[in-house]
Amino acid sequence: MNNDLEKYPVNFISHMMEQDVASGKNGGAVVTRFPPEPNGFLHIGHAKAICLSFGLAKDFGGKTNLRFDDTNPLKESVEFVNAIKTDIAWLGFEWDEERYASDYFDQLYDLAETLIKNEKAYVDSLSGEDIRKYRGTLTEVGKNSPYRDRAVEESLSLFRRMRAGEFSDGELVLRLKIDMSSPNINMRDPTIYRIRHVAHHQTGDKWCIYPMYDYTHCLSDSLEGITHSLCDLSFEDHRPLYDWVLDELKMPSHPQQIEFSRLNLQYTLMSKRKLKELVDLSVVDGWDDPRLPTIAGLRRRGYTPRSIRDFCRRIGVSKSDNNVELAVLESCIRDDLEINAPRVMGIMNPLKIIIKNFPEGSAEMLDAPNHPKNEKMGYRQLAFTREVYIDRYDFREEANRKYKRLVMGDEVRLRYGYVIRAEEIIRDQKGEISEVYCTYDPSTLGKNPEGRKVRGVIHWVSATECLQAQIRLFEPLFNIEAPDSSEQDKLELLNSDSIKIFEGFVEKSLVTATMDQSFQFEREGYFCLDSKLSKPKRLVFNRVVSLRDTWAKIEQKQ
RNA sequence: UGGGGUGUCGCCAAGUUGGUAAGGCACAAGGUUUUGAUCCUUGCAUGCGCAGGUUCGAGUCCUGCCACCCCAGCCA
């Protein structure tokens with residue numbers, strides 16, 4: 001695992017910052033910001049942006065502000081503001097200042113009047129539909145609005161009356177006066193203020209006109225003294241507009257916008273709008289469903305902040321389209337939990353084993369290390385009893401020598417315990433194996449039997465000294481590699497096996513398990529309690545990720 | 001048919017002023033192992049979208065193609 005204390009891996013943005021710092025630009029300072037719109041939960045694509053903005057600023061001795069881009073009260077709420085703050089803090093980042101674009105509404109308004117006075121903005125009376133018609137197309141230039149040359153005084157008066165609430169939604173807008181024939185559509189007199197008679201989660205009902213992104217973002221950056229403003233590639237052709245506004249207003253601070261490509265993760269969606277759809281349609285159990293790539297979902301699934309930070313470093317930053325394999329994310333959490341998760345045993349598909357030569361009603365306590373390589377993690381005790389559970393897949397009536405588990409008539413070791421031999425199969429009415437009678441060799445605790453080789457080691461749980469538990473396994477929510485770029489209805493691409501629920505048993509030591517702990521269920525994978533569903537008397541475990549399984553690969557080949 | 005971007009191993013991604021292709025994941029083969037886990041060792045682009053050119057020498061410079069992504073919200 002990459003060391004968190006190391007510098008962020010080099011990339012084209014860090015090179016730019018290095019040059020800027022070296023040349024003394026901005027007085028050698030690096031100030032970044034993370035600007036989420038509080039209209040949904042953060043996902044792992046945001047984590048990439050967060051790690052980048054916070055990480056690079058830290059590496060260059062700078063700071064990072066958290067700024068909510070709250071210019072559209074229709075879609076935003078404090079619930080999302082709070083969820084976002086929780087997620088960023090959980091990821092392990094500390095912002096310098098908490099700001100809101102709405103903090104600047106007064107200044108933004110004044111600046112807009114300046115623009116009008118300088119004949120760089122005008123109030124347009126065209127309807128939304130007409131504005132669209134006048135805009136032209138990608139290949140045809142647009143034409144000027146008939147209101148474009150409205151007198152400054154008239155625009156000013158209209159704008160003030162807009163603010164005063166004299167007009168209804170959609171009646172008027174304020175537009176920048178740039179160039180309707182620009183090949184860049186964003187420069188064709190973009191709208192910067194619209195009327196919306198709705199309360200805002202931060203400013204209440206103080207305003208009924210709200211500034212738009214292109215106008216707000218660059219000015220907020222400038223007002224905060226941001227030096228490097230990172231965003232995704234889709235804003236690349238907005239950069240001329242970003243610069244235009246700052247230049248026309250002669251802002252003393254002119255941040256540099258730098259664009260990088262957003263993360264695409266295979267077999268999942270990364271669009272907030274589509275994630276919101278899955279949540280609203282109850283296709284998933286909320287924004288924190290363990291199958292979602294949201295920060296909250298990953299957290300509930302059992303991913304650690306460290307593993308997500310590691311992931312963001314591993315995938316790097318560039319401007320090229322990417323489609324990162326799930327294997328990278330899985331490798332990150334395995335690396336973390338391999339070192340930090342205590343080992344325990346749990347059974348998902350119980351098969352009862354009855355040890356004939358072990359006395360009924362008694363238990364032998366066995367010491368089991370909590371980690372194979374870390375003595376400091378200590379030991380816990382396991383109750384070895386006459387009846388135990390093993391996993392159904394660890395028993396076969398017959399098998400060749402490659403099968404390193406329990407086979408009829410042959411021996412296998414119970415992890416941390418004794419070697420047992422399968423002697424008799426009991427079947428239920430359907431003919432399915434319900435129990436296997438075995439004998440154990442009392443001389444094999446901590447040492448191998450003489451003259452014989454046991455096939456292997458399997459995990460187990462006492463059938464009488466254990467805890468019942470629900471165990472949930474996950475697969476990708478979608479069954480195609482890039483659901484985001486598919487034309488098909490996303491609901492038709494859902495993987496019907498994305499969640500599998502088992503009723504099983506886990507060792508008794510897990511009574512003390514807490515929500516923030518992760519465990520390795522030996523030979524099965526890494527698990528944690530589900531923060532929403534698990535109760536003290538009703539344990540529910542989520543599998544974060546399986547262990548690497550080369551046996552499954554070998555079997556699949558045959 | 002306009003504008004803005006991107007094309008280096010299956011997936012990411014490094015590649016100082018041109019000097020002879022990092023690393024990670026994945027994969028493969030061995031070794032250790034009371035987790036078929038971990039760990040260790042080894043292998044894995046005569047090749048950098050394609051075609052020309054400049055040069056002693058080009059992923060890096062020039063020219064011309066090709067492919068893919070983004071943009072026509074009073075969303076961000």
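Predicted model only: the values in this text are computed from it and were never measured. In the text below, chain A, chain B and the rest are named by the order of the sequence lines, each starting its count at 1.
- At B/rC70, none of the side-chain N or O atoms of A/S234 fall inside 4.0 Å of OP1 or OP2 (strictly under the cut-off).
- Rounded to a whole Å, the CD1 atom of A/I315 is 16 Å from the C1' atom of B/rA26.
- Residue A/R273 is out of contact with every strand shown, counting any heavy-atom pair closer than 4.0 Å.
- Contact annotation: A/H15 reaches the phosphate of B/rG15 (side-chain N/O to OP1 or OP2, under 4.0 Å).
- Pair check for B/rU54 finds none; no Watson-Crick or G-U wobble contact set falls under 3.5 Å.
- Side-chain contact annotation: A/Y242 with A/Q257, donor-acceptor N/O pair under 3.5 Å absent.
- At B/rG36, none of the side-chain N or O atoms of A/K553 fall inside 4.0 Å of OP1 or OP2 (strictly under the cut-off).
- In this structure, A/R135 reaches the sugar-phosphate backbone alone: every heavy-atom distance under 4.0 Å involves primed, P, OP1 or OP2 atoms, never a base.
- B/rG23 and B/rC12 make up a base pair, with Watson-Crick or G-U wobble contacts both under 3.5 Å.
- Using a 4.0 Å cut-off, no side-chain N or O of A/R175 falls inside it from OP1 or OP2 of B/rC74.
- For B/rU6, neither phosphate oxygen OP1 nor OP2 lies less than 4.0 angstrom from any side-chain nitrogen or oxygen of A/S261.
- Residue contacts shown for A/Y416 include a base, since a base heavy atom lies under 4.0 Å away.
- Residue-environment remark: NZ (A/K274) exceeds the threshold of 12 foreign heavy atoms within 6.0 Å.
- For B/rA14, the OP1/OP2 oxygens have no side-chain nitrogen or oxygen of A/R314 closer than 4.0 Å.
- Between A/R239 and A/S127, the one whose closest nucleotide on RNA chain B sits nearer the 5' end is A/R239.
- For B/rC75, the OP1/OP2 oxygens have a side-chain nitrogen or oxygen of A/R194 closer than 4.0 Å.
- Using modelled atom types, no side-chain atom of A/R196 and backbone atom of A/L74 make a donor-acceptor pair closer than 3.5 Å.
- For A/L414 and B/rU35, the CG to C1' distance is 13 Å, given to the nearest whole Å.
- Using a 4.0 Å heavy-atom criterion, one finds that A/H371 contacts no nucleic acid atom at all.
- Comparing B/rC75, B/rA37, B/rC74 against the side chain of A/P372 picks out B/rA37 as the nearest.
- For B/rU16 and B/rA21, the P atoms lie 14 Å apart once the distance is rounded to whole Å.
- Side-chain contact, A/H46 with A/R262: no donor N or O sits under 3.5 Å from an acceptor N or O.
- Separating the C1' atom of B/rC40 from that of B/rG4 is a span of 49 Å, rounded to the nearest Å.
- Nucleotides B/rC48 and B/rG53 place their P atoms 15 Å apart, quoted to the nearest Å.
- For the pair A/R401 and A/D410, the salt-bridge criterion is met [side-chain N within less than 4.0 Å of a carboxylate O].
- Between the P atom of B/rU6 and the CG atom of A/D232 lies a distance of 14 Å, rounded to the nearest Å.
- When the side-chain nitrogen and oxygen atoms of A/R188 are compared with OP1 and OP2 of B/rC71, none of them lie within a distance under 4.0 Å.
- Each of A/Y213 and A/N186 lies near RNA chain B, and the nucleotide nearest A/N186 is the one positioned closer to the 5' end.
- Residue contacts shown for A/K319 are limited to sugar-phosphate atoms, with no base heavy atom under 4.0 Å away.
- A donor N or O paired with an acceptor N or O is not found under 3.5 Å between the base of B/rG2 and the side-chain atoms of A/E140.
- With a 6.0 Å radius and a threshold of 12 heavy atoms from other residues, nucleotides or ligands, A/K319 has its NZ atom above the threshold.
- A/L174 comes within 4.0 angstrom of no nucleic acid atom, judged by non-hydrogen atoms across all strands.
- Listed nucleotides B/rA14, B/rA13, B/rC71 differ in distance to A/L138; the shortest reach to its side chain belongs to B/rC71.
- The phosphate of B/rA13 has OP1 or OP2 within less than 4.0 Å of a side-chain N or O from A/S320.
- Pair check for B/rA28 finds B/rU42; Watson-Crick or G-U wobble, both atom distances under 3.5 Å.
- In this structure, A/Y393 places its OH atom where only 12 or fewer heavy-atom neighbours from other residues, nucleotides or ligands lie under 6.0 Å away.
- The base-pairing partner of B/rC68, taking Watson-Crick or G-U wobble contacts with both distances under 3.5 Å, is B/rG5.
- Atom CG of A/D189 and atom C1' of B/rA72 are 14 Å apart (whole Å).
- By the rule that a glycosidic angle within 90° of 0 means syn, B/rG53 does not qualify and counts as anti.
- Here the separation of B/rC9 from B/rG49, taken at their C1' atoms, is 15 Å to the nearest Å.
- Between A/T139 and the phosphate of B/rG3, there is no side-chain N or O to OP1/OP2 separation shorter than 4.0 Å.
- You'll find that the side chain of A/N323 is closest to B/rC12, out of B/rC12, B/rC68, B/rC75.
- With A/W460 as reference, A/F384 is the one residue of A/Y440, A/Y416, A/F384, A/F521 to meet the ring-ring contact (aromatic ring centres under 6.0 Å, His included) rule.
- Nucleotide B/rC12 holds its C1' atom 15 Å from the CZ atom of A/F260, rounded to whole Å.
- When heavy atoms are screened at a 4.0 angstrom cut-off, A/V454 is found touching no nucleic acid atom at all.
- Base engagement by A/K373 is indicated by at least one non-hydrogen atom pair under 4.0 Å involving a base atom.
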